[in-house]
**Student:** 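Sharing a structure, written as structure tokens. Questions coming.
Quick note on labels: first sequence line is chain A, next is B, and so on, each numbered from 1. All values reported here derive from a predicted model rather than from experimental measurement.
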2 protein chains.
Amino acid sequence: MANAVRYLLVIYIEGGENYPVSPGRLAERLEKSPAATTEMLQRLEADGLVVHEPYEGATLTDDGKETAEELYDTYCTLSQFFRDVLGLEDSEAEAMRMAGSVSPVVAERLAATLLGDTANSEPVATASEAGER
Amino acid sequence: MANAVRYLLVIYIEGGENYPVSPGRLAERLEKSPAATTEMLQRLEADGLVVHEPYEGATLTDDGKETAEELYDTYCTLSQFFRDVLGLEDSEAEAMRMAGSVSPVVAERLAATLLGDTANSEPVATASEAGER
DNA sequence: CTTTTACTTTAGGTATGCCTAAATCAGGTA
DNA sequence: TACCTGATTTAGGCATACCTAAAGTAAAAG
């Protein structure tokens, strides 16, 4: 399931509003074959996370949107952390790869820490801050 | 393969020197059935990462040790980060779960950042440092 | 209106990882 | 030495996630 939700994330990001995202687009973004994409869309539809209109594309259900949003939060948090703290080049790709493997607890604590939650820790310094000195 | 290497990590940690780690022990640590463990040991042996002595247990090959060490580094880095920066309770369990999903680049940059690499960032503050104020 | 073309889906496989139930084995007990 | 017991392995399945090749579809070009 960890891999399956990446499809949701791409649909969420690509879909913008609520127009369907084509299998081809998904396949390209995820670097999978179109066949794998179709299969996954059917699986996700069976799980009630997307609506798959054959030969058209997929849109998120409310459930799917909820799942995607959670993952998107994690993705953004990771991406920011990789970029601003670790100074990684392809922070977004890396974040996309990892988002599904990060537990909610870690994602939450990381987000809080990035926002300067001092209950457990000082805010971490960002790469740009370090560069300004 | 990402899951398979966790077996290596446990063998590495449990095995200490080079005496075999029993399937039962592995199964317990990884919360898998003994049958799954046996199967995985056979798989890992086919990949040249462990030597599996039937009814005895498994020891790492040089290749296996190398892989395990890399993962162990990542595990330690993550564990430290979760404990000292994020202030997580079960930092080790969390680190064990995630170690296999973290790319070498991320692990390396994270380790460097924890050590106070200021090329890209100031050292992150630790929970204990924050608590001392 | 037919045909081409690009995209999608189906069909048939493969690899990974896991499980339960049923053998099998090794070591200690009788 | 024969047996019991606990651990291990094999057998048979199942779910997830991927692939290639072949078939099908829709929409634009002719």
Side-chain angles (χ1 to χ4, degrees), chain A residues 1-12 14-15 19-60 63-64 67-68 71 93 96-103, chain B residues 1-12 14-15 19-60 63-64 67-68 71 93 96-103:
Chain A
M1 187 110 204
N3 244 345
V5 290
R6 295 186 11 182
Y7 289 79
L8 291 183
L9 182 52
V10 173
I11 297 170
Y12 183 77
E14 288 283 306
Y19 67 90
V21 178
S22 73
R25 197 125 154 181
L26 275 172
E28 197 186 350
R29 287 289 170 130
L30 293 162
E31 298 182 284
K32 298 288 152 61
S33 73
T37 302
T38 295
E39 192 196 346
M40 185 59 80
L41 291 181
Q42 290 165 349
R43 198 190 303 272
L44 290 171
E45 178 155 60
D47 292 345
L49 297 168
V50 308
V51 176
H52 176 217
E53 207 65 53
Y55 296 97
E56 281 240 344
T59 49
L60 296 173
D63 266 21
T67 305
L71 198 66
M96 178 77 82
R97 274 203 325 93
M98 279 193 56
S101 321
V102 176
S103 79
Chain B
M1 188 108 204
N3 244 345
V5 291
R6 295 186 11 181
Y7 288 79
L8 292 183
L9 183 52
V10 173
I11 297 170
Y12 182 77
E14 288 282 306
Y19 68 91
V21 178
S22 74
R25 197 126 154 182
L26 275 172
E28 198 186 349
R29 288 289 170 127
L30 294 161
E31 298 180 285
K32 299 286 153 63
S33 74
T37 302
T38 295
E39 193 195 345
M40 185 59 80
L41 290 181
Q42 290 165 349
R43 200 189 301 272
L44 290 171
E45 178 155 61
D47 292 345
L49 296 168
V50 309
V51 177
H52 175 218
E53 206 65 52
Y55 296 97
E56 282 238 345
T59 48
L60 297 173
D63 265 20
T67 304
L71 197 65
M96 177 78 82
R97 272 201 329 90
M98 278 193 55
S101 320
V102 176
S103 80

**Student:** Quick one: how far along DNA chain C does chain B reach, first to last nucleotide 5' to 3', anything under 4.0 Å to a heavy atom?
**Tutor:** C/dT16 to C/dC25
**Student:** Looking at B/Y19 and B/E14, what are the two nearest heavy atoms and their distance?
**Tutor:** OH-O, 3.6 Å
**Student:** Looking only at non-hydrogen atoms, find the nearest pair between A/I11 and A/A58 and report the distance.
**Tutor:** CG2-O, 3.9 Å
**Student:** Sorted by first residue and then second, give each side-chain hydrogen bond (donor to acceptor under 3.5 Å, both in side chains) pair with at least one member in residues 43-56 of chain B; sequence neighbours left out.
**Tutor:** B/E39-B/R43
**Student:** For A/E39, which contact category applies under a 4.0 Å heavy-atom criterion: base, sugar-phosphate, or nothing?
**Tutor:** base
**Student:** Can you name the residues that form a side-chain hydrogen bond (donor to acceptor under 3.5 Å, both in side chains) with B/S101, not counting sequence neighbours?
**Tutor:** none
**Student:** Looking at B/A68 and B/L60, what are the two nearest heavy atoms and their distance?
**Tutor:** CB-CD1, 4.0 Å
**Student:** Any chance you could measure B/L8, atom CG, to B/L41, atom CG, to the nearest 0.5 Å?
**Tutor:** 9.5 Å
**Student:** Applying the side chain to side chain contact (heavy atoms under 4.5 Å, CB included) test to A/M40, which of A/T38, A/L44, A/T37 qualifies?
**Tutor:** A/L44
**Student:** Can you give me the first and the last nucleotide of DNA chain D (5' to 3') that has an atom within less than 4.0 angstrom of a non-hydrogen atom in chain B?
**Tutor:** D/dT8 to D/dT10
**Student:** So what is the end-to-end bend of the helix from C/dC1-D/dG30 to C/dA30-D/dT1, with 5 pairs used at each end and the value given to 10 degrees?
**Tutor:** 20°
**Student:** Applying side-chain contact (heavy atoms from CB on, under 4.5 Å), run through B/V10 and B/R25 and close with a yes or a no.
**Tutor:** CA-CA 9 Å; B/V10 173; B/R25 197 126 154 182; over 6 Å; no
**Student:** Which residue lies toward the 5' end of DNA chain D, B/E53 or A/M1, if each is placed at its nearest nucleotide?
**Tutor:** B/E53
**Student:** Looking only at heavy atoms, what is the nearest atom pair of A/P20 and A/G57, with distance?
**Tutor:** CB-C, 3.8 Å
**Student:** Taking atom CZ of A/R97 as the centre, does the number of heavy atoms from other residues, nucleotides or ligands within less than 6.0 Å exceed 12?
**Tutor:** yes
**Student:** Give me the residues of residues 27-37 of chain B where at least one heavy atom lies under 4.0 Å from an atom of DNA chain C, by number, or none.
**Tutor:** B/K32, B/S33, B/A35, B/A36
**Student:** With side chain to side chain contact (heavy atoms under 4.5 Å, CB included) as the test, pick out the partner of A/L9 among A/T67, A/L30, A/L71.
**Tutor:** A/L71
**Student:** If I compare all heavy atoms of B/G100 with all of B/A2, which pair ends up nearest, and what's the gap?
**Tutor:** O-CB, 4.2 Å
